[in-house]
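Structure record follows, encoded as structure tokens.
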Amino acid sequence: MTPAPDSRLSVLVDAPVREDGEFVLYWMIAERRPTHSFGLQHAVHHACAWGVPLLVLEPLDCTYRWASDRFHAFVIAGMRDNRDHFAATPVHYHPYVEPEAGAGQGLLAALAERACVVVTDERPAYRFPDLLARAASVLDTRLEAVDGAGVLPMRAFDKGYVRAYDYRRAVHKRFCKAPPVPPRPDPLDGADLPAFDADISDITTRWPAADPDALLDGGLADLPIDHDVGVVSSRPGGPTEATRRLERFLDQRLDRYTERNHPDEDVASGLSPWLHFGHVGGAQVAWAILDAEGFKPERMNPDRFAKQEGAWGLSAGAEAFLEEVITWRELSFQTAFLEPGDHARYEGLPDWAQKTLDEHRDDEREHLYTLDELARAETDDEIWNAAQRQLLEEGIIHNYVRMLWGKRVLAWTESPEQCFDWLVELNNRYALDGRDPNSYGGICWVLGRYDRAWGPERPIYGKIRYMTSQSTKRKLRLGGWLERFGE
DNA sequence: ATCGGCTCGCGCAA
DNA sequence: TGCGCGAAGCCGAT
């Protein structure tokens, strides 16, 4: 079976594969789906090569920051899908939801001890780098991490790019000269895996398989997580729902995607929550668009490389969507990967942005709101309040309005650093796609990253690109949206 | 309604 | 070394 490409692999524990191991262990922590997954594909490759069964461990602990009913329910709905999917395969699937803080400690090590090799997902940002570093320091078993988040590996280019224009040009050149290999849709297709026969009852007695149905039917209340951030029932998690939404987007929305900035048109893909939890993959989504549109490298237009449209030789809607799912999303992943210490910090913003914000830090603020007032959508700006209410209720904000949502907070906080911290807090607490490299990318864009200086210099904002609710209201068709989320 | 000015710095051509 | 150019900006002049 096909392994993941070398450019997507990193060896975290460089021990030889344990030949008397009983199974290959896939530690599913970020790409939580059974198809279109380089990580799972790589684990299947090992299992076939060594002639041993495959065990998939999908854990969810309750100690991660911002853990709440909202995110737990989303992940657990995915566990239900994955359980049903693997039930019809030789793979042994073990979902584990920690009942109390620390209860899951030791589970990975106990299984890894008996495995030939452990394969997992490589994700930058948030808790993942620490999680992997800790695993690497504890395990003796060979540990390989697979970068399976995007259509391009995070190591695709030998340099980092700090502007979309330059990153976009590199992407266009790559797809024209040597398009990246997609993951196999079903990594188990044609795989001759032995049935799982290891006796792991000592381990599953101590760390029993989660019952997703019971957890979703009231069981979350027993967990030590934030119950004030509620489940978003209109957006259930899971690979099944993700695939349904991807198909709906292709069938019904892509043609009109150029109208995406108008909230009332409702043609955005809305896929970011599922992308964040790995219920659908970046490569899966990008190739679905490319295949549907008959992409061929020889149809690309080199004279349009680096430009926002025209380079791919596809429909306007498709090109606009590839901008989102490849250029902007993967630029953020690349930044997080190359700048792990800085990509989610105020101090990681470009020098010109920090300088101009610093020069205006003492400018008078007309209103200062508390974090609670912002969280409860109690400002004097009706569009901002509506955006915040959409975030509270639906766990998302319409993508154009989300920029305005970020920009306005700068005027209402004591310092640009406080603005940054509060945006991160609100976004990570409530947004289903929060805590994602792409989400940090959005917040940082609000404060100048990937952008340039704009005149004229304004109070508080300095040369940071300025946006106003009044212009937004004038330019966008958002009456229906406002009615829905307004006071 | 459309247009220019505002402003910075990267990557590439020269 | 100079030049072109840029996620969805805003505002005032025409």
Side-chain angles (χ1 to χ4, degrees), chain A residues 157-174 256-265 267-269 272 302-312 316-335 338-339 348-360 381 383-384 387 397-411 437-478 481:
Chain A
F157 307 109
D158 48 17
K159 70 178 296 306
Y161 296 92
V162 295
R163 300 182 308 189
Y165 185 79
D166 302 310
Y167 183 73
R168 189 185 294 121
R169 173 165 40 209
V171 169
H172 290 156
K173 281 185 182 169
R174 173 62 54 90
R256 293 193 299 131
Y257 191 69
T258 48
E259 302 295 309
R260 72 192 175 286
N261 283 348
H262 302 282
D264 286 355
E265 300 298 332
V267 292
S269 80
S272 70
D303 55 320
R304 300 294 301 168
F305 283 7
K307 305 285 183 199
Q308 286 182 66
E309 16 70 30
W312 297 94
E319 300 217 343
F321 182 69
L322 293 177
E323 267 298 280
E324 307 295 334
V325 80
I326 302 181
T327 308
W328 288 99
R329 178 169 183 266
E330 301 202 8
L331 175 58
S332 292
F333 272 74
Q334 186 220 240
T335 304
L338 295 173
E339 308 286 347
L349 295 174
D351 291 342
W352 71 265
Q354 290 189 62
K355 181 166 179 286
T356 195
L357 287 168
D358 193 49
E359 284 165 0
H360 289 272
D381 182 321
I383 297 188
W384 195 91
I397 304 180
H398 177 272
N399 59 359
Y400 187 100
V401 181
R402 196 176 192 174
M403 293 187 290
L404 178 73
W405 173 84
K407 290 281 185 187
R408 296 297 298 132
V409 172
L410 188 53
N438 198 18
S439 226
Y440 282 108
I443 289 171
C444 290
W445 178 84
V446 160
L447 296 173
R449 178 180 291 168
Y450 308 133
D451 209 3
R452 62 180 155 131
W454 287 87
E457 203 163 341
R458 295 170 198 281
I460 306 173
Y461 290 79
K463 295 165 185 167
I464 300 290
R465 184 192 298 254
Y466 189 59
M467 292 176 83
T468 65
S469 298
Q470 202 174 358
S471 300
T472 303
K473 196 169 184 178
R474 196 169 51 237
K475 287 181 352 187
L476 298 188
R477 299 190 285 276
L478 46 61
W481 176 84

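Protein chains get the first letters and strands the later ones, always in sequence-line order, with residue 1 at the start of each.
Closest contact between the side chain of A:P456 and the listed nucleotides C:dA7, B:dC8, B:dC6 involves B:dC6. When distances run from any side-chain atom of A:Y165 to the nucleotides C:dC5, B:dG11, C:dC11, the shortest one goes to C:dC5. When each of C:dA7, B:dT7, C:dC11 is scored by its nearest atom to the side-chain atoms of A:Y466, the top-ranked nucleotide is C:dC11.
Between A:R169 and A:D166 there is a salt bridge, with a side-chain nitrogen of the basic residue lying less than 4.0 Å from a carboxylate oxygen of the acidic one.
Rounded to a whole Å, the OH atom of A:Y450 is 17 Å from the C1' atom of B:dG11. To the nearest angstrom, P of B:dT7 lies 12 Å from CD of A:E359. Between the CH2 atom of A:W454 and the P atom of C:dA7 there is a distance of 9 Å, rounded to whole Å. Regarding A:R163, its CZ atom lies at a distance of 9 Å from the C1' atom of B:dC8, rounded to whole Å. When rounded to the nearest whole Å, the span between CZ of A:R169 and C1' of C:dA7 equals 17 Å. Distance A:D166 CG to B:dC8 P: 19 Å, rounded to the nearest Å. Nucleotide B:dG5 holds its C1' atom 15 Å from the CD atom of A:E457, rounded to whole Å. We find that CZ of A:F305 is positioned 14 Å from P of B:dA13, with the value rounded to whole Å.
Taking the six-membered ring where the residue is Trp, A:Y167 and A:Y161 present perpendicular rings, their angle passing 60° and hence far from 30°.
At C:dG6, none of the side-chain N or O atoms of A:Q308 fall inside 4.0 Å of OP1 or OP2 (strictly under the cut-off). Within the structure, a side-chain polar atom (N or O) of A:R168 is placed less than 4.0 Å from OP1 or OP2 of C:dA7. Contact check, A:K463 against B:dC6: no side-chain N or O comes under 4.0 Å of OP1 or OP2. Between A:K159 and B:dC10 there is no side-chain polar atom (N or O) within less than 4.0 angstrom of OP1 or OP2. Contact between the side-chain N/O atoms of A:K355 and the OP1/OP2 oxygens of B:dC8 is not found at any separation under 4.0 Å.
B:dG9 and C:dC10 are spaced 23 Å apart, taking the P atom of each and rounding to whole Å. Rounded to whole Å, the P atom of B:dT7 lies 16 Å from the corresponding atom of C:dG12. For the P atoms, the distance from B:dT2 to C:dA7 is 22 Å, rounded to whole Å.
In this view, A:M467 and A:Y400, A:M403, A:L404, A:K407, A:W445 satisfy the side-chain contact (heavy atoms from CB on, under 4.5 Å) rule, not counting sequence neighbours.
When every heavy atom of A:Y461 is checked against every heavy atom of A:L357, the shortest pair comes out as O-CD2, 4.2 Å. A pairwise comparison of heavy atoms in A:R402 and A:S439 identifies NH2-OG, 3.5 Å as the closest pair. Here the shortest heavy-atom pairing between A:R329 and A:N438 reads CA-OD1, 3.6 Å.
Around atom CG of A:D303, more than 12 heavy atoms belonging to other residues, nucleotides or ligands sit under 6.0 Å away.
Using a 4.0 Å heavy-atom cutoff across all strands shown, A:T327 reaches no nucleic acid atom at all.
Judged purely by distance below 3.5 Å, without hydrogens or angles, the side chains of A:T335 and A:E339 never pair a donor atom with an acceptor atom.
Remark: DNA chain B takes part in the stems B:1-6 with C:9-14, B:8-13 with C:1-6, each of 3 or more antiparallel Watson-Crick or G-U pairs, criterion distances under 3.5 Å.
Stacking annotation: A:W352 is not stacked on the base of B:dG9 (requires ring centroids less than 5.5 angstrom apart and an interplanar angle below 30 degrees).
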